[in-house]
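These figures come from a predicted structure and were not determined experimentally. Here is the naming used below: chain letters follow the sequence lines, and residue numbers restart at 1 for every chain.
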2 protein chains.
Amino acid sequence: MLKKVILNKSITMGGIQLVSSKDVAARAGVSQTTVSRVLNTPELVKKPTVDKVMKAIEELSYVPNGHARSLVQNKTNTIALISGPLHNPFFVDTTSAIVKYANELGYRVHVQFINDEQITEAYAAAIENKVDGVILSCILLDDPIFDKLKRMQIPFITYNRKHKSDEWFVEIDNYKAGYLAAQHVINLGHQHIVWIGGPLSVSTYLHRYKGFNKAIEDNHLSLADSDIFITDTSIESMRDVFQELTSREHVPTAICAGSDSIALDAIDIALQNGLNVPEDVSIIGIDNVGISKHQFIQLTTVGSISEQNLGLVAIKRLIELIENKENSCIKHTESVKLFNRKTVREV
Amino acid sequence: MLKKVILNKSITMGGIQLVSSKDVAARAGVSQTTVSRVLNTPELVKKPTVDKVMKAIEELSYVPNGHARSLVQNKTNTIALISGPLHNPFFVDTTSAIVKYANELGYRVHVQFINDEQITEAYAAAIENKVDGVILSCILLDDPIFDKLKRMQIPFITYNRKHKSDEWFVEIDNYKAGYLAAQHVINLGHQHIVWIGGPLSVSTYLHRYKGFNKAIEDNHLSLADSDIFITDTSIESMRDVFQELTSREHVPTAICAGSDSIALDAIDIALQNGLNVPEDVSIIGIDNVGISKHQFIQLTTVGSISEQNLGLVAIKRLIELIENKENSCIKHTESVKLFNRKTVREV
DNA sequence: CCGCAAAATGGTTACGTATTCATTGGAGGG
DNA sequence: CCCTCCAATGAATACGTAACCATTTTGCGG
């Protein structure tokens, strides 16, 4: 039987300083258990002992190892955020709010910015580290990930989009948003209106489009198939759309965009093509993202009445779930209204 | 001596399914060691065994526990990103690039968006989880954090800003940027120029301001103390600045902003105050953030010649450090040039 | 001054993985 | 047919922490 050799870990090994609670314990002349107590339940430790330990911690510049803690507690204080790309200003607003709020409550957030195709890998990467919860936007109506998440028993919530099962989501009233957007441009006299939206496999775009369509119907306007553009929301597709539009004899007078991001891209390309907004073409978005208020932009749009950030709403609910302050299924839909600014005008 | 009781962990405990490599091993009829080998060095395992194990993994929907792995390997595949707030478009660009690149190389990124005051807590939260590296922007010229990071032996890099020690940074040539910005407005005939920048305890603002000052001197222009605004970069301060400016008898004809973010805020407030840009006042920024190109904005600014994203440059270098492909101290300064757009005009 | 409860502290183990070392089995050469 | 060597697998351990249970110390009433 070999004799066990005890290494003094406070000695630099391989250039990397490893200090564990055992080292602190040795230095302070107490047990590792006591060190742990000093950090977690100091009220159970006599003051002189606390001081000794704190001194040792200071001297060794000890930092507890979160991984070890996560392992034993099966609690990571980490949330995975799977967001859409930041070139979409909607996700700028939500990411900012989510990370800030979670951090304030002591959660680390590890983020991924993905496109729809990458969701499976993203999800795999996310749960490998046994996070306490997952907050995600990029989910399709008919996404197998949803059931996997449910089976995993990890608290999760989708924001902005939802799954066809109609569970665990935070959204705005997308149908009404689409309706209001269309109704607004119709009220201002537009007759030839174009829809530019994202894939209908996404709840957000689908319901907004349906609402848009209903408003067109209710007002007895006609809508040609060629006036519906279902794009992948990339800036290149937007360029293609405008190439198509500007080559027509009658350019439409108004564009309803499926989101503010699409609207902003459309404006950018319109201006590049020499079309002024709103003089030559009116453009309305949906989401009321932060930057839409900028004086340079003044985007007319539809958004949540409360002007609450959807990401913030979602992260609050998620953390309630994690901390068991809430356990019923979350189904949150914000009412919407028009934000009348400068990118739509009367004809 | 008590007999050890073996729990079958594949049974649901407390509503949460815990599956470990031991469970997989039991199910496949092999040892835990073999399961580990199948996942990490499958070439050392006979094919039939690999198949058995993979089948068990599938059936139990086993996911390896990253925390346990990190603990034993002392490698986390995680990077901490301490960024400035996302309402600053510069950090939108960098965060996006950093997270995307790191994810592609298999690193998780946990992010924090902070203001300068919060750096100490942010740093503590970051290293508690023994990350492989830290990438941070919000560092002051004279920040004690810097030495702590060095002592910690964790690879790290600062982007945008640097520490007074002139080590481990990625930046643009801020001095020249300030100079070019000033020179440009001077070339267009402006005589009364105002500087609006952030705190001089930040390398970026300090050097940009110095460059600006030098250009003023070189052109024999005068500069009153009241024409220098050193703000905390908040939108409220910007409002105060404009309150001051518009109350003057002679409103300056040009504003050199310490960053694009400041410039964009300035434009916003200027327009709110009924000042048109550039008709009533010219405004130039520094950074050349992505959104500055937007047709609605067309911000005149100074930025990196290569137009490479600073965050991307930084994360690439950081990962080289982590993977030992690089070990000399990183000191990266990008050359700059003027991006002449629409927010500055001749007088 | 004793005894006993409560406070304070310590010893041991589990968490889930990768690694190190030990063991088994089979192929191939003499 | 035996010995050697290598491929394949397994057993035991370490990583750093919190939790559980055990032990020691303190305080206090009688």
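- Annotation: salt bridge (Lys or Arg N to Asp or Glu O under 4.0 Å) contacts involving residues 90-115 of chain B, sequence neighbours excluded, are absent.
- For the helix from C:dC1-D:dG30 to C:dG30-D:dC1, the terminal axes (five pairs an end, C1' atoms, rotation from four pairs onto the next four) enclose an angle of 50°, given to 10 degrees.
- Put simply, the side chain of A:Thr33 and the base of C:dG11 share a donor and an acceptor less than 3.5 Å apart.
- Summarising the geometry, the separation between NZ on A:Lys52 and C1' on C:dT9 is reported as 10 Å, rounded to the nearest angstrom.
- Rounded to an integer number of Å, the gap from B:Asn65 CG to C:dC15 P is 12 Å.
- Nearest nucleotide to the B:Gln73 side chain, out of D:dT17, D:dG10, C:dT19: C:dT19.
- A salt bridge between B:Arg161 and B:Asp116 is present, with a side-chain N of the basic residue lying under 4.0 Å from a carboxylate O of the acidic one.
- Residues B:Val45 and A:Ser36 both approach DNA chain D. Their nearest nucleotides, taken by heavy-atom distance, put B:Val45 toward the 5′ side.
- Atom CD of B:Glu58 has 12 or fewer heavy atoms from other residues, nucleotides or ligands within 6.0 Å.
- In this structure, A:Gln32 places its CD atom 6 Å from C1' of D:dT17, rounding to the nearest Å.
- Between A:Glu59 and A:Lys55, at least one side-chain N (NZ, or NE/NH1/NH2) sits under 4.0 Å from a carboxylate O, which counts as a salt bridge.
- Between B:Leu39 atom CG and C:dA18 atom P there is a gap of 7 Å when expressed in whole angstrom units.
- Judged purely by distance below 3.5 Å, without hydrogens or angles, the side chains of A:Ser31 and A:Thr34 pair a donor atom with an acceptor atom.
- Distance, B:Tyr62 OH to C:dG16 C1': 7 Å, rounded to whole Å.
- A:Val30 comes within 4.0 angstrom of sugar-phosphate atoms only, judged by non-hydrogen atoms across all strands, and of no base.
- In terms of position on DNA chain C, the residue among B:Arg37 and B:Val63 whose nearest nucleotide sits closer to the 5' end is B:Val63.
- Residue A:Thr49 is in sugar-phosphate contact alone, with no base atom involved, counting any heavy-atom pair closer than 4.0 Å across all strands shown.
- The NZ-P distance, from A:Lys22 to C:dT13, rounds to 13 Å in whole Å.
- Comparing C:dG16, C:dT17, C:dT20 by their nearest atom to the side chain of B:Arg69 picks out C:dT17.
- Straight-line distance from the NZ atom of B:Lys75 to the P atom of C:dT19: 13 Å, rounded to whole Å.
- In this structure, B:Ser21 does not reach the C:dG16 phosphate: none of its side-chain N or O atoms is under 4.0 Å from OP1 or OP2.
- Sequence neighbours left out, the pairs with a member in residues 69-82 of chain A that pass salt bridge (Lys or Arg N to Asp or Glu O under 4.0 Å) are A:Arg69-B:Glu128, A:Lys75-A:Asp132.
- Considering every non-hydrogen atom in both A:Phe91 and A:Ser83, the closest pair reads CD2-OG, 3.4 Å.
- At a threshold of 4.0 angstrom between heavy atoms, the contacts of B:Thr34 are confined to the sugar-phosphate backbone, with no base atom among them.
- Comparing C:dC15, D:dT17, C:dG11 by their nearest atom to the side chain of A:Ala68 picks out D:dT17.
- Interatomic distance, A:Asn103 CG to A:Ile98 CD1, rounded to the nearest 0.5 Å: 11.5 Å.
- Rounded to an integer number of Å, the gap from A:Asn40 CG to D:dA19 P is 7 Å.
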